[in-house]
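These notes concern the structure reproduced below.
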2 protein chains.
Amino acid sequence: MTKAITMKDVAERAGVSPMTVSRAFKEDASVNAETRRNILKAADELGYVFDSTASNLRSQKTGFVAVTIPSLNNSNFADTVTAISDDLAEHGLQPLLGYTNYCVEREEALIEQFLRRKPEAIVVTGGQHTHRGRQLLEKARIPVIEMWDQPQAPVAYSVGFSNARAMHDLTDRLVRLGHHELGFIGGGPQSDTRAQDRRNGFIRAVSGHGLDASRLIDTTSTNFSIKEAHRAFQELRSRFPEVKTVICASDLYAFGVLSACQRAGIKVPNDLSIAGFGAFEIAPFTCPTLTTVDAKPSEIGQKTADLIAALLAGEAAQEVPINHETRYELLIRESTSGCV
Amino acid sequence: MTKAITMKDVAERAGVSPMTVSRAFKEDASVNAETRRNILKAADELGYVFDSTASNLRSQKTGFVAVTIPSLNNSNFADTVTAISDDLAEHGLQPLLGYTNYCVEREEALIEQFLRRKPEAIVVTGGQHTHRGRQLLEKARIPVIEMWDQPQAPVAYSVGFSNARAMHDLTDRLVRLGHHELGFIGGGPQSDTRAQDRRNGFIRAVSGHGLDASRLIDTTSTNFSIKEAHRAFQELRSRFPEVKTVICASDLYAFGVLSACQRAGIKVPNDLSIAGFGAFEIAPFTCPTLTTVDAKPSEIGQKTADLIAALLAGEAAQEVPINHETRYELLIRESTSGCV
DNA sequence: AGGCTCGATGTTATCGATAACATAACATGA
DNA sequence: TCATGTTATGTTATCGATAACATCGAGCCT
């Protein structure tokens, strides 16, 4: 292995000091335009590649922002990450992405691993962590942001909405539209915490109207899958045949229920109404179109990135709000009857 | 800002030299078991966090593997990245993920940005790059892997399949099943190169049977979207009303066409057959189920990661094959008639 | 007993960029 | 005219871990 080409080599070739080369590679540093041109030319001729690892160490800045999400394979989180990524790029920051598989232990491991890389901020999904995971976040001397949730006891900053409230609102709306025999799929004790929150919101809304809120079907895998929805729907039909409206913790479940209905000749929404959560891309294109809640994942990502940028720009801490509530929107569509 | 806690601090507290602390943090280094325990305890009490940036610089190893994909929002690529990520983790490697938005210029920028971080290998999607992008890859002194394709002129290693051949096979199969008036949606000049390849495969297969291969509808956005499919399907119906079988460059398009048919009262597969590409999660659950091609994204990811691991383990270069062809599987389902 | 291997630890120099400070040249205004 | 900026550049020390080499004692073989 031949020796690596460094700034020193470039400096020699361009007839300047290494420091000037260093400056030439920073957009905003004061270097004579022609000198810079010479330096960049020399660098190019030598095939020099800037070495961040050295820069990171000396400047104590890595430009990394650690981001953990439950799964890459969920279009909601993918949208959020895409927005974060785009937005951070404008500030010269690079996301360091990892997924937890909906598992707090994996989250803890990821957080630890990421913190070693000295990110300038860390974003996690939701407010649930292992004890040690939380400690790590608290002791990290960088901005910590919990997104996609409104934790009761946030570590530091939060950007998101109350999943419980959003599902409460959807359920409430449906009850007012005349839905009285409701069942819920998803959010069992083993599942994603956001799904659990949604289920709690459902229960609260249904009991709030004095209706039966006990028709709950657990899902056993943490990840949302259509297959799981089929199983759950079968269970629902055998245990609670009276249910006229199924609300699901995710659009993917709702799609699974819808497809099971189509197979079984159950007319939606005439025989059964279905609602989901998440406003996945397919929701407005299924037949019937799917009632759901749009949690505006991109907005969450954007606000998260903006918050990070503001914090890193050293904005006076007291001027930056701790909690950023994001909007969500009920989308009442054809899959639920009574949409006037 | 108080001073950071370093290995030196830990060393003092544990009564050893910094070097021994360094060793204690490496799994395989030779350190007395009790000494290590003491060191880790001291580190814990001080709240020490290992600093990769320094380690990276000195050891000239970052543990990063740069990975660029066209989009995060595509479940095929998400599956691949998930597999890569899982597999690399076992070797202590961390993916550095970025997406190009199906744009080679963005890819070039990403490659350049990533190379500065001194990854130990770089994975890109497909064989199409800007001139400079390719040069950067060639001059990087690390393993380069192009995945999801079989480039004619690979930069170095490749892991994937021929999109053209896969689509050729699907089309050929459908023709043999009696489909003779075929149209294709996707893969216009502005679109994803894999979609272009698939279209070429379609054309080759159709002309190979002496049939009309000119019923092609371009899509204008690079990203696959259901909305785009609706537009394209409308164009297809007005320009080529005789088409009895629509093959799409992506399952998402196929789903869009299917939903448009359901709206318009067109019976699938009786009036029209539909096939997609990608074996998305919804494909076996739509009604009718969707004919498609499973490109086994996880397998691509796994093989890519295995290849990287082998190369970094210093496996004799001549023992590692340059090109790794991955399997794909035709899934003939209900959406295409004649599936006997 | 002498020589040798091996495990456990210490010492020193270094990875490559840049923060912090210093300097030189030249312009600007009272 | 000189004080005071301003711009462009150089010098030195440093970020924090670890590669490379050195040391030392214990066990083992002949």
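Just so we're on the same page: letters track the sequence lines, and every chain starts at 1.
Between A:Thr20 and the phosphate of D:dG10, there is a side-chain N or O to OP1/OP2 separation shorter than 4.0 Å. Of the side-chain N and O atoms in A:Gln60, none sit less than 4.0 angstrom from OP1 or OP2 of C:dT18. Under 4.0 angstrom from either OP1 or OP2 of C:dA17 there lies at least one side-chain N or O belonging to A:Tyr48.
Atom NZ of B:Lys118 is separated from atom P of C:dG16 by 9 Å (rounded to the nearest Å). Rounding to whole angstrom units, CG of residue A:Asp9 and C1' of C:dA17 are separated by 13 Å. With rounding to whole Å, A:Phe50 atom CZ is found 9 Å from C:dG16 atom C1'. Atom P of nucleotide D:dA8 and atom CZ of A:Arg37 are separated by 13 Å, given to the nearest angstrom. In this structure, CD of A:Glu12 is placed 14 Å from P of C:dG16, rounded to the nearest angstrom. The distance from atom CZ of B:Arg23 to atom C1' of D:dA19 is 10 Å, rounded to the nearest whole Å. Going from atom CZ of A:Arg36 over to atom P of D:dA8 covers 10 Å, rounded to whole Å. A:Ile39 has its CD1 atom 13 Å from the P atom of C:dT18, to the nearest Å.
Residue contacts shown for B:Val16 are limited to sugar-phosphate atoms, with no base heavy atom under 4.0 Å away. Among the atoms of the strands shown, none is found under 4.0 Å from any heavy atom of A:Thr53.
Mapping B:Ser55 and A:Ser59 onto DNA chain D via the closest heavy atom, the residue that lands nearer the 5' end is A:Ser59. Along DNA chain C, the nucleotide closest to A:Asp51 and the one closest to B:Ser30 are compared, and the more 5′ of them pairs with B:Ser30.
Minimum atom distance to the side chain of B:Met7 is reached by D:dT18, of the listed C:dG10, D:dG10, D:dT18. Listed nucleotides D:dT18, D:dG16, D:dT11 differ in distance to B:Leu57; the shortest reach to its side chain belongs to D:dG16. Nearest to the side chain of A:Ser17, among D:dA17, C:dA17, D:dT11, sits D:dT11. The listed nucleotides are D:dT18, D:dT9, C:dG16; the one nearest the side chain of A:Asn32 is D:dT9. Proximity note for B:Met19 (side chain, C-beta onward) versus D:dT9, D:dG10, D:dA19: the nearest is D:dA19.
Side-chain contact, A:Asn323 with A:Ser158: a donor N or O sits under 3.5 Å from an acceptor N or O. A side-chain donor from one of B:Thr130 and B:Glu108 sits under 3.5 Å from a side-chain acceptor of the other.
Taken from CD1 in A:Ile145 to CG in A:Leu137, the straight-line distance is 11.5 Å, to the nearest 0.5 Å.
Other residues, nucleotides and ligands contribute over 12 non-hydrogen atoms within 6.0 Å of the CD atom of A:Glu138.
No hydrogens or angles were tested; on distance alone, nothing pairs the side chain of B:Arg58 with the base of C:dG16 as donor and acceptor under 3.5 Å.
Nearest heavy-atom pair, B:Gly126 versus B:Arg194, reported as atom, atom and distance to 0.1 Å: CA-NH1, 3.6 Å.
Figure legend: A:Arg106 and A:Tyr99 shown as a cation-pi pair, the cationic atom lying under 6.0 angstrom from the six-membered ring centre and within 45 degrees of its axis.
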